[in-house]
Amino acid sequence: MHWADVTAQALSHKGNKHIVSTGITPSGEFHIGHLREILTGDMIARAAHNAGLDVEFVFIVDTADPLRKVYDFLGPEYEQFIGHQLGSIPAPNDEGNPDWKRFEQEGWTYGDSFLEPFLEALKQIGVRPRIINNLESYRSGRFAQLSKIACDRADDIRECIERISGRELPTDWFPWSPLDSKGSLDGVKVTGYEYPLVHWVDSHGVNGSSDLRKGEGKLPWRIDWPAKWGWIGVTCEPFGKDHGAAGGSYSTGREIVQILGHEPPHPLTYEWISLKGKGAMSSSAGNTVGPIEALQLVPPEILRLLVAKSKPNKAIEFDTGMGLVTLADEFERMAARDFDAELENPELSRRQRVQIEDAAGAMKMAAVEAGTKAQATAVTFRHLALLAQTKSTDDDVWASLVQSGALEAVTPQLHDRLKRMRHWIQSDHFPEEMKVNICTEPDTGALRQLDELEQSILVHLSQLLQHCKWNADDIGRCIPQAAKDLDQSPKLAYKAAYAALMGAEKGPRLAPILAEMKKDTILTLLSDCTTFIQNDTE
RNA sequence: GGGCCUGUAGCUCAGUCAGGUAGAGCGUCGGACUUUUAAUCCGAUGGUCGCGGGUUCGAACCCCGUCAGGCCCGCCA
């Protein structure tokens, strides 16, 4: 069974109505690591739906979290906002400075500016959660009831955190962080509590009171999380392995939520996504790939497959080079399979059966529109990459595919894929070994690898091409003909041609590539090659 | 120091919860295709399941220990 179905099955034992929740702090640009959080949740929700449960998927944007530091992409003016909530400060403009105008006129906040492009990406990959703005939830009193319980039972909660996390909380610790006179959560000391007010003194020596019902502050993270579970009614939540460790925030959360009068959600810990060869994703180190950037390279269903095919506890390495080709081609192969027919085979071992079921489950989850079946495009990524490089216009690409019988009609899906493919080819993610390189001068090493027979075929080929009409069909006929004229297998002609033109033993289909190039260039190259051969053998 | 996760074929992983003849894909190699030679199809190759003990008729799987990598115990998916 697919991992999402396993989770759905666990949920079904607990009841019929479920809320699957995910949450991210919009402190900077979102990256594909965040995509795992939200896709994991989305897949569980889909699986629960398929299992006949009444399920809702929510995404909490943690706009109540404070700005922790002036990140590299921010200007020094942000110093004044440290400790201020992300949903209450202006967004950075292109120079990294606060965009006051938009903030005052449209209420455009720091949190909004990072959230918006992510939501755009979610739309493309078929994820449509109910979005909950955390800061607004505080302001509208959603947390009021549970905040009261937390403050009333401060000692129980303190005991819980100290026992489970093993750290000692400061004596003036209190389960409510009030906003100070300047709007910061930092350096505020709680001096008293009488519901609904928490009294405080801030770092500037100012005294004040914070109303739990109006969002004039927030619960600290370890309480904020279980409080969300409570008021939203969360029954299942995937989270990163950092939260999942013993003593981590889930450990304390599952007890605190009970103090607050609710049951903990079903947990699912997942591993990180890293960039191949670059380690864990880190915005400050600059080695991130954003969801939008990823979508410019890969179709959404393939991005979904990446998450769907890996069990959550497996780390994922996102490779924007050759790994992408492997992944995309795997998608094509899987899309072309008939899993139901495969499962009808009575000879299957238990393991083989499980493997087929998991593959079928992963493909189901990869579909952008829930319930639809992923369609094989009949064109592999490799092949399309080749065509995209050798054909200057899209129409030529389609013509070639139709002519070769690879496809009957061009689908919108293929148009879309070609667009991304061209984008990928132009990006610096495109791997060297996928590039089609025709030699600019004879590759002497490769030519010496040819035996005399092959060399003579090459000489003959060079002559044939001189009188060849310069189109793919005619060139394509010339190559095998060069061998046939000497009563040899066409294989040898290809071998010789690859050695001369690409300096390799094998390569992609030559004729269409040559047809795209200037005849003179190729003929000059071949004549240089034959000259070299004749001189070298003497 | 305490705890969690991972370690199975060259690579990516399934199989561990319910112990029962070591599985898949990729790669590699071979064959076929007398114009789709990075394509496609067919076939083959490949593993002291990190290591050492224990339980068992039987262990990749359960138990104990150990090594290696990653992570958490500071509000970083």
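Below, chain A is the first sequence line, B the second, and so on; all start at residue 1.
- Taking atom NZ on A:Lys491 and atom C1' on B:A32, their separation rounds to 9 Å, with Å as the unit.
- For A:Arg167 and B:C75, the shortest distance from a side-chain N or O to OP1 or OP2 is below 4.0 Å.
- Between A:Arg158 and A:Glu162 there is a salt bridge, since a side-chain N of the basic residue sits under 4.0 Å from a carboxylate O of the acidic one.
- By the neighbour-count criterion of 12 heavy atoms within 6.0 Å, atom CZ of A:Arg254 is sparsely surrounded, having that number or fewer from other residues, nucleotides or ligands.
- Rounded to a whole angstrom, the distance from the C1' atom of B:C64 to that of B:U55 is 11 Å.
- Map A:Met434 and A:Gly248 each onto its nearest nucleotide of RNA chain B; the residue landing nearer the 5' end is A:Met434.
- In the model, A:Arg222 has no side-chain atom that pairs as donor or acceptor with a side-chain atom of A:Ser249 under 3.5 Å.
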Under a cut-off of 3.5 Å for both distances of each Watson-Crick or G-U pair, what dot-bracket string does RNA chain B give, using [ ] for crossing pairs and | for inter-strand pairs?
((((((((.[[[[.)....(..]]]].(((((.......))))).....[[[[[..)....]]]]])))))))....
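- If you check distances only, the side chain of A:Arg68 does reach the base of B:C75 with a donor-acceptor pair under 3.5 Å.
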Residues 4-13 of chain A side chain polar contacts: donor-acceptor under 3.5 Å, at least two apart:
{"from": "A:Thr7", "atom 1": "OG1", "to": "A:Trp3", "atom 2": "O", "distance (Å)": "3.1"}
{"from": "A:Ser12", "atom 1": "OG", "to": "A:Gln9", "atom 2": "O", "distance (Å)": "2.6"}

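- Here the separation of B:G70 from B:G23, taken at their C1' atoms, is 27 Å to the nearest Å.
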Footprint string (nucleotides 15-20 of chain B, 5' to 3'): B base within contact, S backbone only, - free, heavy atoms under 4.0 Å:
SS---S
